[in-house]
Amino acid sequence: MDEGESSSTNNPSRPWESYNTVFTNAKAGMEGVDKEKVQRVVYEMSKGSKYFQNEERKEALMKQKIEHMRDRCAKLSSSDLSNYQKVVDRRILEVEATRDLSRVWLHVDMDAFYAAVETLSNPSLKGKPMAVGGLSMISTANYEARKFGVRAAMPGFIARKLCPDLIFVPVDFPKYTHYSDLTRKVFKNYDPNFIAGSLDEAYLDITEVCRERGLSGGEIAEELRSSVHSETGGLTCSAGVAANRLLAKVCSDINKPNGQFVLQNDRSTVMTFISSLPIRKIGGIGKVTEHILKDALEIKTCGDMVLKGSLLYALFTQSSADFFLSVGLGLGKTDTPEVRSRKSISSERTFAATGDEKLLYSKLAEIAEMLSHDMQKERLAARTLTLKLKTASFEIRSRAVSLQRYTCSSEDILKHATKLLKAELPVSIRLIGLRMSQFNEEARHSDPSQGTITKFIVQKGSSRKNLDDNDSSDLDASKNCLGNDEMLSLSYASHETSYDQLKDVVEYEEQSVTPNQECKKKEERIQVLEGDALLRKHKDCKADSSAEKTEAVSVLPQMEPLVWVDGYRCNLCGIELPPSFVEERQEHSDFHLAQRLQNEESGPSSSNTPTSKRRILGKEKANSKPKKQKPNQKDDNVRGLHSVVKLLALEMFGSLGGCHLSSVLERRNPEEMKMALPPPRLNLSPSSSLGEPRSLPSMSDILTSSKARNLDLKIQTLGPFFRVTGKNADTGSEVGRAEGVVRPWFGRGLVLHLDTIRLTKETMVMDKSLLGVGLYVGAVAIRHGYDCGCRTAQLLAIYDSDLYHSKLVRFYRRIGFEEVKEVSGSSIGDMADMLVWGGVGTRMDANIHHLLVKWSKVFLKSVS
DNA sequence: GCGGATCAC
DNA sequence: TATGGTGATCCGC
């Protein structure tokens with residue numbers, strides 16, 4: 001092992017030598033790499049950047065730390081050291097007594113997991129350098145790419161410099177999760193209690209299997225790896241077998257890829273192995289610790305940790321020193337640990353740095369929304385909120401508050417997060433994150449499999465929001481109903497209001513039970529409550545609450561309860577959504593609330609329809625006849641709609657009725673949906689996942705498929721410009737169109753520039769089966785771009801309103817576009833984008849090939 | 001309890 | 001043009 005060339009010598013003619021990044025460290029598959037060249041390229045691409053400057057700042061801090069450590073080291077007297085040596089000797093005896101060589105642990109680590117999965121689903125990638133990720137960050141690189149020095153955590157634009165032919169494949173977590181599940185099925189056969197590290201690694205206690213089957217750890221490892229290979233259809237993994245987890249993990253790295261290493265369970269073998277092992281190989285010892293130990297204490301190998309134990313105990317905390325010492329002795333965990341519950345949940349996003357307060361508040365709102373959503377999905381409530389910021393200069397800051405009560409509502413989170421953020425302004429920020437910790441343990445232990453649907457509706461589906469003391473509870477609902485221009489202006493207005501309120505939010509403490517807890521207590525008895533019934537309950541809880549709240553309550557709409565009849569059919573409109581479609585169901589119930597709000601807006605008389613007096617709906621309700629209402633009877637909803645709506649992507653791809661695109665992709669119309677029960681939860685059907693490469697949908701595939709949808713598609717071109725129009729095949733009237741241009745972009749070849757995608761009012765009120773019209777129009781445009789040789793498609797998600805915008809961005813992200821930058825007009829660099837696009841918004845890109853692959857199922861299936 | 005850091009994947 | 005997101009833990013206040 002030839003690493004560890006600590007370049008503390010600063011050679012001014014070779015400045016890159018002192019720019020140590022994580023990429024400096026050796027990694028499997030990086031053996032024949034021209035390290036100097038990689039180092040130089042990374043340096044050249046980085047130097048001068050804000051990121052680089054921050055790295056230098058961090059580097060300086062580390063040096064300082066090391067100096068400080070050296071000073072303290074020098075001040076130690078020999079009597080100090082001999083005292084500490086006594087501590088060490090005693091600790092060694094204690095710890096040695098706990099050594100357990102009776103267990104056999106196996107660590108499995110999938111080889112270049114994401115990249116391998118992508119190659120499996122698209123074998124044409126085989127043998128070519130490829131990276132999973134984008135130009136800003138790479139998640140995994142395959143071994144061909146590693147030969148060029150490309151590796152995980154490296155920014156894509158640097159990787160492309162190192163390897164100009166590098167193929168980028170966007171990350172696709174559902175796909176990796178699918179394959180991860182396949183591997184875990186195998187693991188379970190060897191240790192039902194195996195510990196899953198991440199998607200691509202696991203620890204197994206194979207002691208029992210070895211004993212029962214009379215096989216060695218190495219034999220079991222061989223068998224397991226071969227089983228993983230066949231069960232996944234070709235993925236390889238590496239394994240390490242040793243007496244404890246720490247050693248097993250080190251071992252699995254030794255013969256990577258597609259190899260294994262067994263460390264015999266006897267003390268002297270372990271000691272020999274560990275004593276020469278570089279400390280950086282140990283999990284938990286990273287770049288900084290390595291440097292401190294190496295540069296200040298001259299500890300390079302694990303063996304050194306024992307030899308210099310007295311220094312460690314003198315300079316570090318007891319727990320750190322204990323850890324180092326046990327590492328030096330080759331000790332590690334051998335027990336199967338308790339079930340570990342999560343301790344925090346967070347959401348964070350990076351964007352083009354901005355100091356625009358309004359923009360920052362809207363980002364914050366988005367993140368609060370995402371976090372709240374995730375918490376509700378996991379049924380978590382927490383009381384400590386931490387705001388994380390990364391400034392334009394890459395400095396990380398965090399600010400936390402502990403609340404008086406547990407919460408998971410986006411309003412609560414946003415309210416407090418806004419206070420925290422406000423205190424930091426003005427500052428230019430490139431990342432905002434929110435984390436919630438200190439969970440309500442009682443809530444955590446409830447069985448989430450019980451009454452999921454009704455709990456979900458009560459808690460998340462609109463009525464819960466009405467319980468919140470925040471009087472802008474119509475905000476979320478309006479956000480979910482973007483049915484027409486009027487709704488757009490409504491959401492904009494309500495957002496503005498809440499923004500102003502948030503800015504001047506005053507600290508006050510709520511003592512009442514949280515909605516979440518309330519729900520939990522009552523959920524056995526109350527399955528669905530009407531909005532007004534819930535509100536009344538809420539008022540009861542807060543009999544002493546202020547009058548304003550009562551007033552806020554009075555403007556809230558009365559809700560017809562939403563029930564999933566027979567477990568899957570909406571009693572309000574008849575649309576069918578299986579229980580597993582959690583997100584879609586949420587959208588759907590929000591849609592109904594929004595619709596109701598809309599009706600309220602249109603006039604109090606129409607809204608005063610007598611609501612059902614049913615307060616409690618038992619399961620029997622499912623058998624009573626549902627109040628049917630055709631989903632397309634939304635005349636109220638389209639009132640005031642302009643004849644052509646600009647870029648209503650949600651509707652265009654079929655979200656109008658509350659269905660997410662994922663469902664559109666999987667089942668393009670309600671008829672197919674009915675057959676798809678239970679539906680696949682992944683984008684990727686099992687049959688397609690292991691098979692050979694899917695051919696891309698050709699233009700004629702798309703056109704043929706659209707004909708079956710009663711859609712007449714046409715593409716016109718004029719030079720680089722193109723226009724896709726979709727007409728109703730019966731009436732001949734236009735239902736939607738997309739326009740754009742094929743043009744070069746920064747020397748990166750041609751890009752498909754999507755300018756506008758419009759759907760007509762007619763489209764939106766037409767039969768549901770035509771809701772996929774936007775998908776077809778979009779697909780023709782994308783295929784056209786592909787045929788013209790474009791690799792990338794670009795669009796600008798316009799800031800029509802902040803709430804609408806975030807929805808739009810999220811939507812495009814779902815279908816495969818990636819945020820590239822915010823075009824705000826605040827920097828001169830935005831001018832080009834603004835001129836090209838004629839507005840401000842979020843520039844988003846997608847890999848055209850990937851889009852076609854992703855959509856291929858839709859079009860090819862309809863043909864066959 | 002908070003804030004900064006480190007680490008892993 | 002451009003350097004991620006999530007979760008855990010530790011240390012020093």
Side-chain angles (χ1 to χ4, degrees), chain A residues 21-23 25 27 42 45-46 48-55 58 61-62 65 109-110 112-114 132-140 151-161 171 173 176 180 196-202 249 280 282-292 316-320 322-323 340-353 367 370-371 374 383-390 394-403 420 430-438 745-748 818-823 827-830 832-833 843 845:
Chain A
T21 66
V22 282
F23 320 122
N25 186 36
K27 182 154 186 178
V42 171
M45 299 289 289
S46 300
S49 68
K50 290 268 171 56
Y51 175 82
F52 183 87
Q53 288 169 18
N54 188 250
E55 289 300 299
K58 281 181 357 195
L61 280 174
M62 197 169 83
K65 220 166 165 177
D109 197 340
M110 302 302 295
F113 185 54
Y114 298 172
V132 176
L135 278 186
S136 53
M137 189 53 63
I138 283 175
S139 290
T140 315
R151 50 168 292 176
M154 180 180 273
F157 66 91
I158 291 180
R160 201 177 50 188
K161 190 83 170 184
V171 289
F173 274 105
Y176 313 141
S180 180
S198 57
L199 284 182
D200 75 329
E201 65 178 307
K249 164 109 177 137
R280 187 67 153 86
I282 301 298
I285 297 182
K287 186 180 133 183
V288 174
T289 312
E290 178 191 28
H291 262 94
I292 290 174
F316 292 90
T317 61
Q318 161 115 29
S319 72
S320 294
D322 280 348
F323 170 68
R340 285 173 42 171
S341 52
R342 71 150 79 234
K343 295 180 175 51
S344 73
I345 184 167
S346 65
S347 186
E348 66 185 56
R349 285 295 171 263
T350 295
F351 41 84
I367 291 159
M370 291 190 284
L371 178 58
D374 291 348
R383 54 182 284 267
T384 298
L385 171 70
T386 307
L387 169 74
K388 174 179 168 184
L389 301 176
K390 197 190 279 179
F394 287 84
E395 178 202 348
I396 308 269
R397 290 186 203 172
S398 71
R399 298 289 178 267
V401 274
S402 289
L403 313 177
L420 293 176
R430 75 191 319 278
L431 171 145
I432 296 180
L434 290 174
R435 179 168 73 249
M436 290 289 270
S437 49
Q438 306 261 41
W745 183 260
F746 284 113
R748 256 175 62 190
E818 196 183 17
E819 289 149 272
V820 175
K821 63 183 290 199
E822 298 299 321
V823 180
S827 92
I828 194 81
D830 290 345
D833 278 309
R843 251 281 314 289
D845 285 8

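Lettering of chains follows the sequences in order, A, B, ..., and the numbering in each one begins at 1. Computed from a predicted model, the values in this text were never measured in an experiment.
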_The side chain of A:Leu135 is closest to which nucleotide in this list: C:dA2, C:dG7, C:dC11?_
C:dA2
_Full working for side chain to side chain contact (heavy atoms under 4.5 Å, CB included) between A:Val42 and A:Met154_ = CA-CA 9 Å; A:Val42 171; A:Met154 180 180 273; 4.2 Å; yes
_DNA chain C: 5'-proximal contact among A:Ser319 and A:Ser347 (nearest heavy atom)_ = A:Ser347
_If the threshold is 4.0 Å, N to carboxylate O, is there a salt bridge linking A:Lys287 and A:Glu290?_
no
_From CG of A:Asp322 over to P of C:dT9, roughly how many Å is that when rounded to an integer?_
17 Å
_A:Lys388 side-chain N/O to C:dG5 phosphate OP1/OP2 under 4.0 Å_ = no
*asked:* Once ring-ring contact (aromatic ring centres under 6.0 Å, His included) is applied, do any residues pair with A:Tyr114, and if so which ones, sequence neighbours excluded?
replied: A:Phe173, A:Tyr176
*Show your working on side chain to side chain contact (heavy atoms under 4.5 Å, CB included) between A:Lys65 and A:Leu61 and close with a plain yes or no.*
CA-CA 6 Å; A:Lys65 220 166 165 177; A:Leu61 280 174; over 6 Å; no
*Rounded off to whole Å, could you give me the CE-to-C1' distance for the A:Met436 and C:dA8 pair?*
18 Å
*asked:* Rounded to whole Å, please give me the gap between CD in A:Glu55 and C1' in C:dA2.
replied: 15 Å
*Rounded to the Å, how far apart are A:Leu434 CG and C:dG7 P?*
12 Å
*asked:* Does A:Lys161 reach a base, just sugar-phosphate, or nothing at all? Heavy atoms under 4.0 Å.
replied: nothing
_A:Glu348, nearest nucleotide to its side chain (from C:dT6, C:dG4, C:dA2)_ = C:dT6
*Nearest-Å distance, CZ (A:Arg342) to C1' (C:dG5)?*
13 Å
*Base, sugar-phosphate, or nothing for A:Ser320, non-hydrogen atoms under 4.0 angstrom?*
sugar-phosphate
*Identify whether any heavy atom of A:Ile138 sits under 4.0 Å from a base atom; if not, whether one sits that close to sugar-phosphate; answer base, sugar-phosphate or nothing.*
nothing
*asked:* Restricting to non-hydrogen atoms, name the atom on A:Asp200 and the atom on A:Ser198 that form the minimum distance, rounded to 0.1 Å.
replied: OD1-OG, 2.8 Å
*Could you tell me whether the phosphate oxygens of C:dA8, OP1 or OP2, come under 4.0 Å of any side-chain nitrogen or oxygen in A:Ser344?*
yes
*Between P of C:dG4 and CG of A:Asn54, the distance in whole Å*: 11 Å
*asked:* Once you apply a heavy-atom cut-off of 4.0 Å, does A:Leu199 come out as touching a base, just sugar-phosphate, or nothing?
replied: nothing
*Mind calculating the distance between CZ (A:Arg349) and C1' (C:dG4) to the nearest angstrom?*
10 Å
*Under the ring-ring contact (aromatic ring centres under 6.0 Å, His included) rule, collect the residues that match up with A:Phe52, sequence neighbours excluded.*
A:Tyr19, A:Tyr43
*Spacing between A:Phe316 atom CZ and C:dC11 atom P, to the nearest angstrom*: 10 Å
_Could you check whether A:Ser46 and A:Ser49, counting side-chain N and O atoms only, form a donor-acceptor pair closer than 3.5 Å?_
no
*Would one find a side-chain N or O of A:Ser346 under 4.0 angstrom from OP1 or OP2 of C:dG7?*
yes
_Smallest separation among heavy atoms of A:Gln53 and A:Gly48, with atom names_ = NE2-O, 3.2 Å
*What does nucleotides 1-8 of chain B look like as a protein-contact string, B for base, S for sugar-phosphate only, - for none, at under 4.0 angstrom between heavy atoms?*
SSSS-SSS
*5' priority, DNA chain C, between A:Thr317 and A:Ile345 [closest heavy atom]*: A:Ile345
